[in-house]
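Structure, as structure tokens:
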Amino acid sequence: MYNIAVAGTGYVGLVAGVCFAEVGHQVTCVDIDESKVKLMKQGISPIYESGLEELMRKNYEAGRLNYTTDYKKAYKNADAIFIGVGTPEKSDGSADLTYIATVARQIAETIEKDCLVVVKSTVPVGTNDKVEQFIYDFLPHEEELITGNDFGVGKKIRVEVASNPEFLAQGTAVRDTLNAARIIIGTESKWAEEMLMKIYEPFNIPIVSVNRRSAEMIKYASNDFLALKISYMNDIANLCELVGANIQDVAIGMSFDDRIGSKFLNAGIGYGGSCFPKDTKALKYLAEQYGYDLKTIKAAIDVNTEQKTKLYQKASKRLITFNGLKVAVLGLTFKPGTDDLRESPSLDNIPLLLDQGASIFAYDPVGSDNFRKKYSEGKHKKGNITYVKDIKDALNGANVCFIFTEWDQIKAVKPEDYKKYMKTPLVYDGRNIYGVDYMRECGVEYYSVGRPISKGNLSIIPKKETDFSGTR
Ligand code: NAD
């Protein structure tokens with residue numbers, strides 16, 4: 001078992017650290033945010049992630065997991081340091097590597113023994129090479145770096161950088177980490193490859209071992225492919241509205257083809273979150289740096305940008321103005337199961353509604369506190385926002401309702417309830433939760449994505465099981 005340090009305790013770092021401890025490694029999670037460290041020491045997770053707190057408490061009590069802001073103590077004797085700090089988007093679309101550089105420098109100035117530095121954060125192709133060079137540049141003078149297969153005599157410590165991109169999805173992060181479809185490792189030496197293989201051995205998950213640049217590219221290629229799939233379905237959904245087809249029926253029909261698969265075929269209000277938006281832009285930027293026009297990903301970005309406010313545009317035409325209207329907003333996070341608001345469609349639509357003078361009553365089971373930090377309760381521009389704990393309080397007397405996130409609590413609202421509680425039962429559903437016909441039968445004026453007609457025509461006749469008994 002290894003002595004592991006993890007830099008950054010966000011969705012990636014904390015979950016990775018906890019899962020490493022769960023399989024028996026000795027783990028120290030490092031964060032610069034003292035308030036987070038204080039919470040974690042009390043067994044409280046700073047992020048909302050199902051099953052995480054139980055494992056945090058279990059492994060902390062077992063003495064396998066610790067939290068600190070003191071990076072020197074954590075890095076000094078670590079066998080491996082995993083970096084899971086943020087790589088947010090810069091204004092030009094490129095990835096901001098400031099946090100990575102800070103950690104690299106802290107590592108260089110601290111380590112006292114051979115150490116594998118593993119970059120889990122999503123970074124542009126070639127970054128791991130630079131991180132290794134950066135650490136080399138900042139290593140104290142008397143200590144020398146040995147890279148790749150160059151392990152030579154007379155060198156004091158060996159530091160190498162490996163790529164190990166993360167594929168967890170927020171909302172199912174712990175499950176995804178312990179039962180990942182694959183682990184990607186990108187290394188430049190046997191030493192690094194073998195150590196990473198040993199660290200991951202207890203997980204019993206297929207490991208794909210490639211070079212560092214391929215590993216970095218696998219991450220972007222995977223995320224951007226999924227973003228492209230979503231944008232493709234949204235594009236087709238928009239066409240369905242024009243030609244009178246139903247996107248959900250179309251998706252079901254497509255899903256029977258193994259080459260297409262059944263996942264990521266849901267049309268809706270566009271992708272959000274901390275990954276797809278920034279990773280599509282970062283790959284486009286990277287391609288531009290090499291003089292290459294990445295047309296498919298550009299299209300995915302464009303479709304998504306328009307998709308996020310499509311329902312708002314539709315509602316604007318129907319209502320002329322939102323001024324003085326009570327607007328119920330159901331769902332603020334970018335998807336269910338997380339309190340993360342990054343790039344959430346709510347952040348595109350709510351400012352538009354406030355600019356128009358809407359009086360918003362917003363409901364989200366876990367995201368309201370984070371949203372309140374951006375938009376405090378009260379007046380903003382011409383409008384104002386109130387956060388409610390009960391969906392009925394959002395719907396009560398509302399003139400229009402927008403659904404931005406498909407939380408179970410929101411899916412549980414019955415079509416009849418919109419009619420019962422709203423002043424005018426007018427619903428714009430960005431997640432295609434309800435049957436078009438049923439909403440209309442319940443007296444709700446209902447608009448969703450790519451479904452100008454009901455799903456009523458769909459029927460699937462299963463394959464008949466052949467019965468060979470009695471044929472002799
Ligand atoms: P996050 O913003 O939730 O967390 C980053 C953490 O790093 C913060 O707690 C911050 O305080 C801490 N930090 C910053 N500087 C530090 C330093 N010098 N030392 C120690 N801690 C420091 O980030 P995240 O969502 O976990 O994403 C991290 C990386 O993983 C990104 O590159 C992201 O693209 C990638 N990724 C994220 C997901 C996801 O679902 N969130 C999935 C796969 C990959």
Side-chain angles (χ1 to χ4, degrees), residues 11-12 16 82-84 86-90 92-97 100 118-131 161-170 172-173 176-177 180-188 193 196 200 205-235 254 257-266 270-305 334-335 342-343:
Y11 295 88
V12 166
F82 284 76
I83 304 181
T87 49
E89 180 188 324
K90 288 207 275 192
D92 60 3
S94 64
D96 183 349
L97 300 176
I100 298 272
V118 188
V119 177
K120 259 206 166 302
S121 305
T122 306
V123 292
V125 181
T127 303
N128 279 274
D129 298 355
K130 288 186 197 151
V131 172
V161 174
S163 168
N164 172 219
E166 181 54 62
F167 295 91
L168 63 78
Q170 284 174 226
T172 50
D176 291 352
T177 305
R182 79 313 202 180
I183 290 162
I184 303 290
I185 60 172
T187 56
E188 297 296 322
E193 185 188 31
L196 263 179
Y200 277 115
I205 288 168
I207 296 176
V208 180
S209 176
V210 292
N211 71 13
R212 280 197 304 227
R213 284 177 179 242
S214 299
E216 292 168 323
M217 185 56 108
I218 288 170
K219 175 63 193 171
Y220 279 104
S222 304
N223 262 13
D224 288 19
F225 182 74
L226 295 176
L228 187 58
K229 208 170 170 189
I230 295 170
S231 275
Y232 176 75
M233 291 310 286
N234 284 333
D235 219 10
M254 290 167 70
D257 188 331
D258 287 344
R259 295 169 304 175
I260 295 171
S262 58
K263 304 216 169 111
F264 280 77
L265 294 182
N266 287 338
Y271 57 74
S274 66
C275 293
F276 291 173
K278 84 171 169 60
D279 293 349
T280 42
K281 287 181 209 153
L283 194 62
K284 172 181 162 272
Y285 182 88
L286 183 81
E288 280 163 7
Q289 296 306 295
Y290 284 84
Y292 188 73
D293 188 15
L294 202 56
K295 294 189 187 78
T296 48
I297 300 307
K298 265 166 66 179
I301 296 168
D302 289 347
V303 169
N304 199 58
T305 306
F334 82 92
K335 69 170 182 178
R342 286 178 281 187
E343 300 279 343

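Note that the coordinates shown come from a computational prediction; the quantities given were computed from them, not determined experimentally. Sequential numbering from 1 along the given sequence is applied to the chain's residues.
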To the nearest 0.5 Å, what is the distance between CG on Asn164 and CD1 on Ile207? 9.0 Å
Under 3.5 Å donor-acceptor, Ser163 side chain and Gly186 backbone: no
If you look at every heavy atom in Cys275 and Asn223, which pair is closest and at what distance? CB-ND2, 3.6 Å
For the pair Arg212 and Glu216, find out whether any cationic side-chain nitrogen is under 4.0 Å from an anionic carboxylate oxygen. no
Nearest 0.5 Å, please: how far is CD1 in Ile301 from OG1 in Thr296? 9.5 Å
Looking at Arg213 and Asp129, does any basic side-chain N land under 4.0 Å from a carboxylate oxygen? yes
Any non-hydrogen side-chain atom of Ile100 less than 4.5 Å from a side-chain atom of Ser121? yes
Can you confirm whether Ser274 sits close enough to Gln170 that some side-chain heavy atom of one is under 4.5 Å from a side-chain heavy atom of the other? yes
Side-chain contact, heavy-atom cut-off 4.5 Å: Glu89 with Glu343? yes
Heavy-atom count around Tyr200 OH within 6.0 Å, excluding the residue itself: above 12? yes
Hey, could you give me the CG/NZ distance between Asp293 and Lys284, rounded to the nearest 0.5 Å? 9.0 Å
Taking all heavy atoms of Val210 and all of Ala215, pick out the closest pair and write down the distance. CG2-N, 3.5 Å
Distance from Met233 atom CE to Leu265 atom CG, nearest 0.5 Å? 5.0 Å
Rounded to the nearest 0.5 angstrom, the CG-NZ distance for Leu286 and Lys281 is 16.0 Å
Heavy-atom side-chain contact between Pro124 and Tyr220 under 4.5 Å: yes
What's the shortest heavy-atom distance between Gly270 and Asn304, and which atoms? CA-OD1, 3.1 Å
Counting N and O atoms only, with roles assigned by atom type, does the side chain of Lys229 sit under 3.5 Å from a partner on the main chain of Lys263, one being a donor and the other an acceptor? yes
For the CG atom of Leu283 and the CZ atom of Phe225, what is their distance to the nearest 0.5 Å? 14.0 Å
Side-chain contact test, heavy atoms from C-beta onward, threshold under 4.5 Å: evaluate it for Phe167 versus Ile218 and give yes or no. yes
Considering all heavy atoms of both residues, which atom of Ala95 and which atom of Lys90 are nearest to each other, and what is their separation? O-CE, 4.0 Å
Anything under 30° is parallel, anything over 60° is perpendicular, the rest tilted; go ahead and classify Phe276 against Phe264. tilted
If you look at every heavy atom in Ile297 and Thr280, which pair is closest and at what distance? CG2-O, 3.5 Å
For a quick test of reading the model, state the closest non-hydrogen atom pair linking Asp176 to Ala169 and the distance between them. OD2-N, 2.8 Å
Within a strict 4.5 Å, meaning less than it, do heavy atoms of the Thr122 and Lys278 side chains meet? yes
Is any side-chain heavy atom of Thr127 closer than 4.5 Å to one of Val119? no
